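Every value quoted in this text rests on a predicted model; they were computed, and no experiment measured them. Only heavy atoms go into these numbers, but all of them, side chains included; no hydrogens, no water, no symmetry mates.
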Amino acid sequence: MSIRRISSTLVAGVLLAAVFAVPAAAKPAPVTKITFKLDSHQVAAGDQVTSSVLVQTRSGHMWVAFPGAVLSIVVDGVEVGLATAGADGLAPVAYTAAEAGDHVMKVVFAGDETHKKAQRAQGFEVSGSTPIATAPEAPVLSATAGTALVSLSWTVPADGGSPITGYNVYRGSAALTESLLASGLTGTTYDDATAVTGSTYFYVVTAVNAVGESVWSNEVSATAL
């Protein structure tokens, strides 16, 4: 065998070995697909923006459900919640719209070790605005002196958009020195049976709701008989 033929055989063998020595490329992660359509693209403030998002993954030549996929729900670039796909690949989405105007909701699957990232977006419009509840307005207070007793009564004030849960009564021995006497009262009257005959007392009352306590009512005074 000639030297040239031997050299050619060696070169071919080296090249063939090099080809088989190259590691096989990693199998690409399955593609993830999100099907996302809002039930309504126009809602009023305070209503919910809803959808049933379908999450699927590629299996061979077919799309199959992707149970357990965790989705991030993003509105105008801010994450507002999470949703998890069930056994059928469906993930319910519900977001309470508050701010009027045009908005964009995005559903994002961040990807994991075995599935690729996916996302879809939908626009929606919110009409009107949700009133913001405040503490109640102050009641109007009146007092009537009795024997070793001062009877108080007050009006029911505007609740500030949140139901009134109770009233607090404050008492002092001089004007503007009142401190808490009774709290959590559910009615609009209160008898101060701790009043001492001949003593003058000053009173104010406040209303309370889930937001907080109102400012003091008008101040009244009475001298127990």
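In this structure a side-chain-to-backbone donor-acceptor pair under 3.5 Å is missing from T84 to G68. For the pair N168 (side chain) and G184 (backbone), a donor-acceptor distance under 3.5 Å is present. In terms of modelled atom types and a separation under 3.5 Å, the side chain of N209 and the main chain of T134 share a donor-acceptor contact. In this structure a side-chain-to-backbone donor-acceptor pair under 3.5 Å is present from S40 to Q42. Side-chain atoms of S51 do not come within 3.5 Å of backbone N or O of F36 as any donor-acceptor pair. Remark: side-chain polar atoms of T197 are paired, donor with acceptor, to backbone N or O of L225 under 3.5 angstrom. Checking side-chain atoms of D88 against main-chain N and O of L90 turns up a donor-acceptor pair under 3.5 Å. Not a single donor-acceptor pair under 3.5 Å links the side chain of E137 to the backbone N or O of D159. Not one N or O on the side chain of T206 forms a donor-acceptor pair closer than 3.5 Å with the backbone of E213. At least one donor-acceptor pair closer than 3.5 Å links the side chain of T32 to the backbone N or O of K116.
Of all heavy-atom pairs spanning G128 and A100, the tightest one is O-CB, 2.7 Å. Here the closest non-hydrogen pair linking S217 and P139 is CB-O, 3.0 Å.
Under the 6.0 Å cut-off for aromatic ring centres, Y203 and Y190 do not qualify, their centroids lying 6.0 Å or more apart. Taking the six-membered ring for Trp and the full ring otherwise, the centers of H41 and F124 sit at least 6.0 Å from each other.
Contact of the V204 side chain with the N218 side chain is not registered, since no non-hydrogen atoms from C-beta on lie closer than 4.5 Å. You'll find the side chain of V75 reaches within 4.5 Å of the side chain of Y95, heavy atoms only. Under the 4.5 Å side-chain criterion, counting only non-hydrogen atoms from C-beta, Y201 is in contact with V196. When side chains are defined from C-beta on, Y167 does not count as touching V208, because their heavy atoms never get closer than 4.5 Å. When side chains are defined from C-beta on, F109 counts as touching H115, because their heavy atoms get closer than 4.5 Å. At a threshold of 4.5 Å between non-hydrogen side-chain atoms, the residues I164 and P157 count as touching. The shortest side-chain heavy-atom distance between K37 and Q122 falls under the 4.5 Å cut-off.
Here CG of L181 is found 10.5 Å from CD of E178. Values are rounded to the nearest 0.5 Å. To the nearest 0.5 angstrom, Q119 atom CD is 8.0 Å from I34 atom CD1. To the nearest 0.5 Å, atom CH2 of residue W63 and atom OG1 of residue T35 are 9.0 Å apart. Taken from CD in Q56 to CE in M62, the straight-line distance is 10.0 Å, to the nearest 0.5 Å. With rounding to the nearest 0.5 Å, the separation of CG in L71 from NZ in K106 is 14.0 Å. Between the CZ atom in R120 and the CG atom in L54 there is a gap of 11.5 Å [rounded to 0.5 Å].
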- Check against side-chain hydrogen bond (donor to acceptor under 3.5 Å, both in side chains), S142 and S153: CA-CA 6 Å; S142 60; S153 62; 3.0 Å; yes
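Within 6.0 Å of the NZ atom in K33, the count of heavy atoms belonging to other residues, nucleotides or ligands exceeds 12.
Connection of V205 to L185 is established within a shared hydrophobic cluster, with ILVMFWY side chains joined at heavy-atom distances below 4.5 Å, either directly or through further cluster members.
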